[in-house]
Amino acid sequence: MKKLLRRMLVLPRLNELVGLFMIFAVIILAMALVSYNPSDLSFLSRDSSQTVSRNLAGRFGATIAELMYQIFGLASWFLLVPLAQGGWRRLWSRKGMGLGAAIFGYGGMLAGLLCLLTMIIGGLHVGNEEVLAGGVLGAYLDDFLVTYLNTAGAFVISVAFMVLGATIATHISFGNLLVAARKLCVEALRRGRTWLTHWRETRRKQKLREQIVKKHAKKAEAVVAP
């Protein structure tokens, strides 16, 4: 009997099911965020005259979008990245980073993004209401960093958070990126010099052609003049 119960409760390919659930969750959240309007009916709405929610994910989506925009602001879209990546990885049963690396990596990127959005954009209008670009959490982090490091220091630390977080979360080697960037710059300079040389040569030939035409025109005038 116990063996039968265990077989009934065990789900085949549980990892794939979790991955599918995460991917569909990303789709629902994206629909809720893209159609977010503060005036929509939600579980947090204060306007009793609203009876219909125009959000693509309904009243539930309007509530989730309201919470995400108020807490994280525009960085709410960034939260879909680790969720989609984790779902895709589980769907294809691929090995990923550990929980600690994911928390520190994506957490650092999120913290830096929240601060930068607050410092650079500040607030933006969505519908008829103003929403903080970095949300309440971004405003708190920005105020904390600016208090102890001033604006320039807070900006540098925010960028550092994003760079370090990206290094941990994506295993990107910034040394390799710098080498690749250097190669691109060298290639761009080489092509720029080649284009400039070609342009100068074209201009020189054009001026020479104009001089020859003027010379022949003067000769023709000298013949006709007598």
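Position 1 is the first residue of the sequence; numbering continues from there.
- Note that OG1 of T202 and CH2 of W195 are 10.0 Å apart. Values are rounded to the nearest 0.5 Å.
- V146 and L117 fall into different hydrophobic clusters, where Ile, Leu, Val, Met, Phe, Trp and Tyr residues are linked whenever their side-chain heavy atoms come under 4.5 Å apart, directly or through other members.
- With a 6.0 Å radius and a threshold of 12 heavy atoms from other residues, nucleotides or ligands, F104 has its CZ atom at or below the threshold.
- The main-chain N or O of F72 is never found under 3.5 Å from a side-chain atom of S76 such that the two would form a donor-acceptor pair.
- With T118 contributing its side chain and D142 its backbone, the two residues share no donor-acceptor pair below 3.5 Å.
- Note: M22 CE to W88 CH2 = 13.5 Å, rounded to the nearest 0.5 Å.
- The hydrophobic clustering, which links ILVMFWY residues whose side-chain heavy atoms are closer than 4.5 Å, places F60 and L29 together.
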Run the side chain to side chain contact (heavy atoms under 4.5 Å, CB included) check on L116 and I121 step by step: do they pass? CA-CA 8 Å; L116 289 176; I121 300 178; over 6 Å; no
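- Closest of all the heavy-atom pairs between L132 and A139 is CD1-CB, 4.1 Å.
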For L91 and V18, what are the C-alpha separation, side-chain angles and deciding distance, and is it a side chain to side chain contact (heavy atoms under 4.5 Å, CB included)? CA-CA 7 Å; L91 181 62; V18 173; over 6 Å; no
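- For R190, the salt bridge (Lys or Arg N to Asp or Glu O under 4.0 Å) criterion is met by E187, not counting sequence neighbours.
- In this structure, L56 CG and Y36 OH are separated by 14.5 Å, a value rounded to the nearest 0.5 Å.
- Connectivity analysis of hydrophobic side chains (ILVMFWY, heavy atoms under 4.5 Å, direct or indirect) links I157 to F144, L145, Y148, L149, F161.
- Both L141 and V159 are members of a single hydrophobic cluster when ILVMFWY side chains are connected at heavy-atom separations under 4.5 Å.
- The CG atom of L114 lies 4.5 Å from the CG atom of L110; values are rounded to the nearest 0.5 Å.
- There is a path of hydrophobic side-chain contacts, each under 4.5 Å, that joins F78 to I27.
- One finds the CE atom of M162 at 9.0 Å from the OG atom of S158 (value rounded to the nearest 0.5 Å).
- Residues T147 and D143 approach most closely at OG1-O, 2.5 Å, considering heavy atoms.
- Contacts of R204 classified as salt bridge (Lys or Arg N to Asp or Glu O under 4.0 Å), with partners at least two apart in sequence or in another chain: E201.
- Note that CG of L208 and CD1 of I212 are 4.5 Å apart. Values are rounded to the nearest 0.5 Å.
- Taking hydrophobic clusters as Ile, Leu, Val, Met, Phe, Trp and Tyr residues chained together by side-chain heavy-atom distances below 4.5 Å, L83 shares a cluster with V34.
- Here the closest non-hydrogen pair linking F155 and M119 is CA-CE, 3.6 Å.
- Of the possible polar contacts, one joining the N55 side chain to the A57 backbone as a donor-acceptor pair under 3.5 Å is found.
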